[in-house]
Peer 1: 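Pasting in a structure now, in structure tokens, and then I'll have a few things to ask.
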Amino acid sequence: QVQLVESGGGLVQAGGSLRLSCAASGRTFNDYYMGWFRQAPGKERVFLATISWSGGRTYYADSVKGRFTISRDNAKNTMYLQMNSLKPEDTAVYYCAACLRSGNCLWANHYQYWGQGTQVTVSS
């Protein structure tokens with residue numbers, strides 16, 4: 001069974017940094033994009049960034065461009081989200097997910113597999 005497990009969340013002050021990890025298992029991901037999403041209380045889950053597993057091509061939401069960096073280590077079956085210059089509005093549960101590259105992987109409903117989420121809280 002495919003499993004995605006996020007880690008690295010926590011409490012950080014505004015302006016600080018966190019690095020999230022997503023450990024993937026259960027299959028090969030050569031035909032997938034891997035993405036990061038977040039969901040704040042009472043709001044919808046929104047796209048942050050995605051990366052092709054094989055080629056490393058990346059796409060970012062405007063809200064995180066220049067602050068967040070997505071990357072992956074294929075040998076470790078792990079992807080990362082480096083988050084810098086954090087703001088209180090970044091507070092949310094962060095999810096990793098996998099999307100077949102034949103779909104439109106900028107949209108949440110094209111992702112087949114999801115992790116359980118990790119909480120990120122940014123204090124003012």
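Basis for what follows: all heavy atoms, side chains included, without hydrogens, waters or symmetry-related copies. Sequence positions, counted from 1, serve as the residue numbers for this chain.
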Peer 1: Output, in order, the C-alpha distance, side-chain angles, deciding distance and verdict of side chain to side chain donor-acceptor pair (under 3.5 Å) for Asn84 and Ser17.
Peer 2: CA-CA 4 Å; Asn84 299 325; Ser17 298; 2.8 Å; yes
Peer 1: Report the distance from atom OH of Tyr94 to atom SG of Cys22, rounding to the nearest 0.5 Å.
Peer 2: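 One finds 15.0 Å between OH of Tyr94 and SG of Cys22.
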Peer 1: Among Trp36, Phe37, Tyr32, exactly one meets ring-ring contact (aromatic ring centres under 6.0 Å, His included) together with Tyr111. Which residue is that?
Peer 2: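 Only one of Trp36, Phe37, Tyr32 forms a ring-ring contact (aromatic ring centres under 6.0 Å, His included) with Tyr111, namely Phe37.
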Peer 1: Would one find more than 12 heavy atoms of other residues, nucleotides or ligands at under 6.0 Å from atom CD of Glu44?
Peer 2: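 For Glu44, atom CD is not crowded (no more than 12 foreign heavy atoms under 6.0 Å).
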Peer 1: Should the heavy atoms of other residues, nucleotides or ligands under 6.0 Å from CZ of Arg27 be counted, would the total exceed 12?
Peer 2: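 Yes, CZ of Arg27 has more than 12 neighbouring heavy atoms, counting only those of other groups under 6.0 Å.
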Peer 1: Rounded at 0.5 Å granularity, tell me how far CZ in Phe68 sits from CE in Met83.
Peer 2: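 Atom-to-atom, Phe68:CZ and Met83:CE are 5.5 Å apart.
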Peer 1: Taking all non-hydrogen atoms of both residues into account, name the closest pair between Arg72 and Ser52 and its distance.
Peer 2: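 So the two residues come closest at NE-O, 3.5 Å.
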Peer 1: Quick check against the 3.5 Å criterion: does Arg19 have a side-chain atom that pairs as donor or acceptor with the backbone of Gln82?
Peer 2: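 No; zero donor-acceptor contacts below 3.5 Å.
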Peer 1: Quick one: does Thr121's side chain get under 4.5 Å of Val12's, heavy atoms only?
Peer 2: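 Side chain of Thr121 against side chain of Val12, heavy atoms only: no contact under 4.5 Å found.
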Peer 1: Report the distance from atom CG of Leu81 to atom CE of Met34, rounding to the nearest 0.5 Å.
Peer 2: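 Between Leu81 CG and Met34 CE, I get 12.5 Å after rounding to 0.5 Å.
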Peer 1: If you define the side chain from C-beta out and look only at heavy atoms, does anything of Gln119 sit under 4.5 Å from Thr91?
Peer 2: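 Yes, close enough: below the 4.5 Å cut-off.
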Peer 1: To the nearest 0.5 Å, how far apart are CE in Met79 and CG in Asn74?
Peer 2: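 Reported to 0.5 Å precision, the distance equals 12.0 Å.
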Peer 1: Indicate if Phe29 and Leu106 have the same hydrophobic cluster label, given that clusters are the connected sets of ILVMFWY residues with side-chain heavy-atom separations under 4.5 angstrom.
Peer 2: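 In one cluster with Phe29: Leu106, no.
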Peer 1: Between Asp90 and Val120, is any pair of side-chain heavy atoms under 4.5 Å apart?
Peer 2: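 No, their side chains stay 4.5 Å or more apart.
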Peer 1: Under a 4.5 Å cut-off applied to non-hydrogen side-chain atoms, are Tyr95 and Arg45 in contact?
Peer 2: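 In contact.
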Peer 1: Any side-chain heavy atom of Val122 within less than 4.5 Å of one from Lys87?
Peer 2: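 SC-SC contact between Val122 and Lys87 ruled out.
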Peer 1: Are Phe47 and Val93 linked, directly or through other ILVMFWY residues, by side chains that come within less than 4.5 angstrom of each other?
Peer 2: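 Same hydrophobic cluster.
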Peer 1: Are the side chain of Gln3 and the backbone N or O of Ala24 linked by a donor-acceptor pair below 3.5 Å?
Peer 2: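 Checked: no pair found.
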Peer 1: Describe, in one word, how the ring planes of Tyr33 and Tyr59 are oriented to each other, choosing from parallel (under 30°), tilted (30 to 60°) and perpendicular (over 60°).
Peer 2: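 The arrangement is tilted - the two ring planes meet at 30° to 60°.
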Peer 1: With a 4.5 Å heavy-atom cut-off, do Leu86 and Leu18 have their side chains touching?
Peer 2: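 The answer is yes; the side chains approach within 4.5 Å.
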Peer 1: Short question: side chain of Ser63, backbone of Ala61 - any donor-acceptor pair under 3.5 Å?
Peer 2: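 No.
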Peer 1: Rounded to the nearest 0.5 Å, how far apart are OG of Ser123 and CD of Gln13?
Peer 2: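 Interatomic distance, Ser123 OG to Gln13 CD, rounded to 0.5 Å: 5.0 Å.
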Peer 1: Where is the tightest heavy-atom contact between Gln116 and Val5, given as atom of each residue plus distance?
Peer 2: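 Between these two residues, the closest heavy atoms are OE1-CA, 3.7 Å.
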Peer 1: Under 3.5 Å, side chain of His110 to main-chain N/O of Asn104, donor-acceptor pair present?
Peer 2: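 Between the backbone of Asn104 and the side chain of His110 there is a qualifying donor-acceptor contact (under 3.5 Å).
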Peer 1: Using side-chain heavy atoms (C-beta onward) and a distance below 4.5 Å, is Arg101 in contact with Ser54?
Peer 2: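 The answer is yes; the side chains approach within 4.5 Å.
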Peer 1: Of all heavy-atom pairs between Tyr113 and Val2, which one has the smallest distance, and what is that distance?
Peer 2: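 Heavy atoms of Tyr113 and Val2 come nearest at CG-CG1, 3.6 Å.
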Peer 1: Side chains of Tyr80 and Leu20, heavy atoms from C-beta outward: is any pair under 4.5 Å?
Peer 2: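 The answer is no, as the side chains (C-beta and beyond) never meet within the 4.5 Å cut-off.
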Peer 1: Test your reading of the model: is there a side-chain donor-acceptor pair from Thr118 to the backbone of Glu6, 3.5 Å cut-off?
Peer 2: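 Side chain of Thr118 to backbone of Glu6, a donor-acceptor pair under 3.5 Å: no, none is there.
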Peer 1: Quick check: is Leu100 connected to Ile51 through a chain of hydrophobic side chains (ILVMFWY, heavy atoms under 4.5 Å apart)?
Peer 2: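 Hydrophobic grouping puts Ile51 with Leu100.
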